[in-house]
Each structure stands twice: as C-alpha cells, then as structure tokens.
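A short worksheet on the structure shown next.
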Amino acid sequence: MMGAKKNICVLGLGYIGLPTAAMFATHGCKVVGVDINKKVVDELDKGRIIIQEPFLDIMVQAAVRSGNLVADTKPQQADAFIIAVPTPITKDKKADLSYVKSATESIVKYLKKGDIVILESTCPAGTVQNIIIPELAKSGLKIGEELFVGHSPERVLPGQIINELVNNDRIIGGLNRESSLKIKELYKIFVNGKIYTTDEITAEMCKLMENTFRDVNIALANELLKICEKSGINAWEVIDLCNKHPRVNIHKPGPGVGGHCLAIDPWFIVEKNCDIAKLIELGRIINDSMPTYVFSRIKDILKEIKDKKKVTILGITYKPNIDDLRESPIVELIELMEESREYDISVYDPYIKEYKYNTEDILAASENSDLVLLAVNHDAFRDLPLNAIAGQMRTRNFFDTRNFYSSIEVEKAGFRYHLLGKL
Ligand code: SAJ
C-alpha cells in the first residue's frame, strides 16, 4: 500500500480535478491543486469553490482546513501528477488538446525518479502515446521504469460526483504493467469500486465508448420519437412497453443531448475513424437535430397566432437538478427562436441565477404567455401551480418535452396539452 502522506499534484480544478483533489486530501494525502485561473485558486485557498455539486463544498472546506489541500497556479514536486484539464472540441469537431499538452509541459521540470503521471481528461485514443509521452520524455527519465504513466478516465455523473468517485468501478490503463499497478495502488486510497487494469489506449477507447453507447442509444430513442409522431403513436408508451422485454432498454428521447461528455466524446472517435464510425456520427447528428425539431413543433402549436408570440421556458440546464448549462440543447433552442424574431421568451429555472431571460418566479414568467414549454424535468417542477399559471396566460398551451406531466392534470387547469413524442 501507498504511504498515507503521498504528495499529489492535480492539474485542473474543474468538475473532475477538484473533487479528485479533495478526495485524496481528505484521505490523508498532501495535495496541491493547480489551475491557470487565479480566481479558482484564490477561492480554493479560502475553502470556497465556484462550481455547484452536492457535498463538494463541504468536502473541499474540510480538505483546505486540514491543511492537506492547497491551491496554486503553478505545479510543485509531487509523487503523483493527475492531469484533469478540459479537452474542448473545435468548430470542426476535433479534440483541442492544447490544455493537455501545456499541463504536461508544465510538470516536466518537477518530475523525479519513481513519480506517477496520470491523464484523467477524456481524449482521443492515442493521446497518452502521442501527446503525453513525447513531453514526459524531455525529463530524461525512463518511461515505464523510472516514470510510471497511464490513463485513468473518470466515470462520475454530474450531480452524484462524490458518491460515484468512491463507489464506481474504475479502469486504469498503464503504459506497462508496472505503471498500471502503481496507479491502481494510488486510486485504492479512496476508491471502493473494483479497479480493472489494461493498457492506456484501451482505457482511452473505453471512456469514449461508454459515453458513445449512451449517445447512440439516446439517438435511437429520438429517432423513434420522430417515427412515432409521424404515425400518431405515443413514443413513450412504445418505450415503456418495449422495456418490459428482459433484454431491451430504450433510452429516453427528449429535446436533445447536452453536457460536456455525450455531446462531445463520440466526435473524438469519429475524428480518428471517419471512414468507419458511421453509426456514431449519425447518432450525434440525430441528437443535435432535436432542438430544431422541438422548434418546429412550437411553430406548429402557435401557428394560429399571427402577432409576436410569447413562450415561457421551464428549465434551461442540460439535464435535471443541476446548474450546468454546458452544451444545453435548450440554450440552442432559445437561439433558434431568437433568430426567427417571432417570439418573446421568458425563462424560469430555479438552478440558474444569471441568464438573459430569467425571471425570479414562474408567475412572472408566464404572464401573457402563449405557451409553457417544459424543457427540463427538474424535480422542483413536479408541483407547478398550474391553475395560477393558466390564469396568467394569453393562450393556454402546455408543451411537455419530457413526458413529465399527465395530460389530465394539465388539461384540468385549462391548458391544451402537447407532448413531444405524440402528435
Ligand atoms: N439524456 C437523454 N436521454 C437519456 C439519458 C440522458 O436525452 O435517456 C440526455 C440528458 O438530458 C443530457 C445528456 O443526455 O442532456 C447527458 O446526460 P447524462 O446524464 O446521460 O450524462 P452526463 O453527461 O451528465 O454524464 C456522462 C456519464 N456517462 C454515462 O453515463 C455513460 C458519466 O458517467 C460520465 O462520467 C460523464 O458523462 C463524463 O464525464 O464523461
């Protein structure tokens, strides 16, 4: 086992790096969290964080107070370096590995014999070999013998990061067996799930494929939704009944796929395999088509109204019960509506404080509105004051994109109920 006072340097204090740093620190390691954003570093030094995630604030506070977690804008000597920086996507759907490269460059001068370097960021298969190794080789250390290197992708679900970081099974892909075993020992400090070891390129492909599996399955559900609407069938009922089969698990259709993972990672496979990865690419295209599809339904629902129409959008985050707007399909839908210039838009989302159309409460948002669009199924929307909302509206349309409300309930309040997935 590793000694309890391992020194760890975590590069990138975002949704993955910060919880990982805090986790090691609360398990007795000495951790330096590094971020190029000075605001993140200054806040962390005071025990504060700038992202929202259940229990993360408490954990970070405890880690900082114990003295085991400190922040800096520059790396320091350590026994293990964990790279958890962003890997954005370029306009032409290619991985931008510049942060991975510069983070790796930044640690080279601190490396010493026996150190471990782990890439956690999601990257195209081959990144450890092609980007990380050439940089690390500049240290003069023998890779695999004096410096142990690998990829250990995170698998945590935003909203449940702390629990999943500890309890999910984990894959570790080392450059050689020695690297895998050293990295495994490190994560065993806090991981309760099983740890499987493999080589680094297999681990890279696993990470991409896990999110691709989900994305392609959601695309299938979204395609089914369009087919059902064309044929007057209720897609939600079809899915519900199909899923009674012991080997069928159709995912949920909806207004699109957002977040920094599913909407991006499949492109990292397509980028390197465009001649083969046809299904994966098509899945992305189908999911990306959903905001436009939802917009066409909105236009249809409101086609009788000739002057400017007002639409009240409930929820704009990329999924329920989080405050994250990254790649949100609802934000994209709003942009489409803005472009057409035919709509006044109001938004109510209890998770988002600053957004251009946001209103403080739902009644203000629905004043003189022609359509309530239930875009995100936040738990907080479970008991909407439907009667009071209906009383505020100019035209009483309710469009449920998540099959969240029963038509009977909504119609009782005087609305016309429209469901995405049934025409
Ligand atoms: N969505 C659907 N239908 C579904 C499920 C999800 O439309 O049936 C949509 C959501 O509304 C959302 C998007 O997909 O817009 C992504 O949400 P998600 O909950 O599926 O996943 P993320 O992006 O929050 O987290 C994923 C997770 N991956 C898998 O479940 C395979 C998580 O475990 C990963 O760690 C994370 O990506 C990541 O960081 O890669």
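Throughout, numbering of the chain's residues begins at 1 and tracks the sequence. Just so you know, ligand 1 is whichever comes first in the structure, and atom 1 is the first atom listed for that ligand.
- Considering only non-hydrogen atoms, atom 21 (O) of ligand 1 lies nearest to Leu157 out of Thr122, Ile264, Val376, Leu157.
- Residue pairs satisfying the salt bridge (charged side-chain N to carboxylate O under 4.0 Å, His left out) criterion with at least one member in residues 117-134, sequence neighbours excluded, are listed as follows: Glu120-Arg170.
- Between Val156 and ligand 1, an N or O atom pair is found at a separation short of 3.5 Å.
- Within the structure, the side-chain hydrogen bond (donor to acceptor under 3.5 Å, both in side chains) test picks out the following pairs touching residues 239-267 (sequence neighbours left out): Asn211-Asp265.
- In terms of polar-atom proximity, defined here as any N/O pair under 3.5 Å, Glu164 makes no such contact with ligand 1.
- Phe295 carries Lys299 over the face of its six-membered ring, with the cationic atom under 6.0 Å from the centre and within 45° of the normal.
- When only non-hydrogen protein atoms are considered, atom 16 (C) of ligand 1 lies nearest to Gly258 O, 3.6 Å.
- If you look at Arg402 next to ligand 1, the close heavy atoms, those under 4.0 Å, all belong to the side chain.
- Taking each heavy atom of Phe399 and Leu371 in turn, the nearest pair found is CB-CD1, 3.7 Å.
- The proximity of Lys207 to ligand 1, defined as any non-hydrogen pair under 4.0 Å, is limited to the side chain.
- Atoms of ligand 1 found under 4.0 Å from any heavy atom of Glu210, numbered from 1 in the order shown, are 31 (C).
- Using a 30° and 60° split on the angle between ring planes, Phe190 and His27 fall in the tilted class, from 30° to 60°.
- When only non-hydrogen protein atoms are considered, atom 33 (O) of ligand 1 lies nearest to Arg155 O, 2.7 Å.
- When each of Asn273, Ile269, Asp215 is paired with Ile280, the side chain to side chain contact (heavy atoms under 4.5 Å, CB included) condition holds for Ile269 and for no other.
- Remark: the Ser180 side chain and the Thr197 side chain contain no N/O donor-acceptor pair separated by less than 3.5 Å.
- Contact annotation: for Arg214 versus ligand 1, heavy atoms closer than 4.0 Å belong to the side chain alone.
- Within the structure, the closest approach of Cys261 to ligand 1 falls below 4.0 Å when heavy atoms are considered.
- No side-chain donor from either of Glu154 and Tyr15 sits under 3.5 Å from a side-chain acceptor of the other.
- Each of the following atoms of ligand 1 lies closer than 4.0 Å to a heavy atom of His251: 8 (O).
- Taking the centre of each ring, Tyr405 and Tyr417 stay at or above the 6.0 Å mark.
- Under the 6.0 Å cut-off for aromatic ring centres, Phe398 and His418 do not qualify, their centroids lying 6.0 Å or more apart.
- For atom 19 (O) of ligand 1, the nearest non-hydrogen atom of the protein is Lys319 NZ, 3.0 Å.
- Applying the 4.0 Å criterion to heavy atoms of Pro158 picks out, from ligand 1, the atoms 24 (O), 25 (O).
- Nearest to atom 15 (O) of ligand 1 among the protein's heavy atoms is Tyr318 O, 2.7 Å.
- Only the side chain of Ile218 comes within 4.0 Å of ligand 1, counting heavy atoms alone; its backbone N, CA, C and O stay farther away.
- The residue from Asn168, Asp324, Asn211 that puts a heavy atom closest to atom 31 (C) of ligand 1 is Asn211.
- The nearest heavy-atom contact from the protein to atom 3 (N) of ligand 1 is Lys252 O, 2.7 Å.
- With hydrogens and angles disregarded, a donor-acceptor distance shorter than 3.5 Å links the side chain of Asp45 to the backbone of Ala71.
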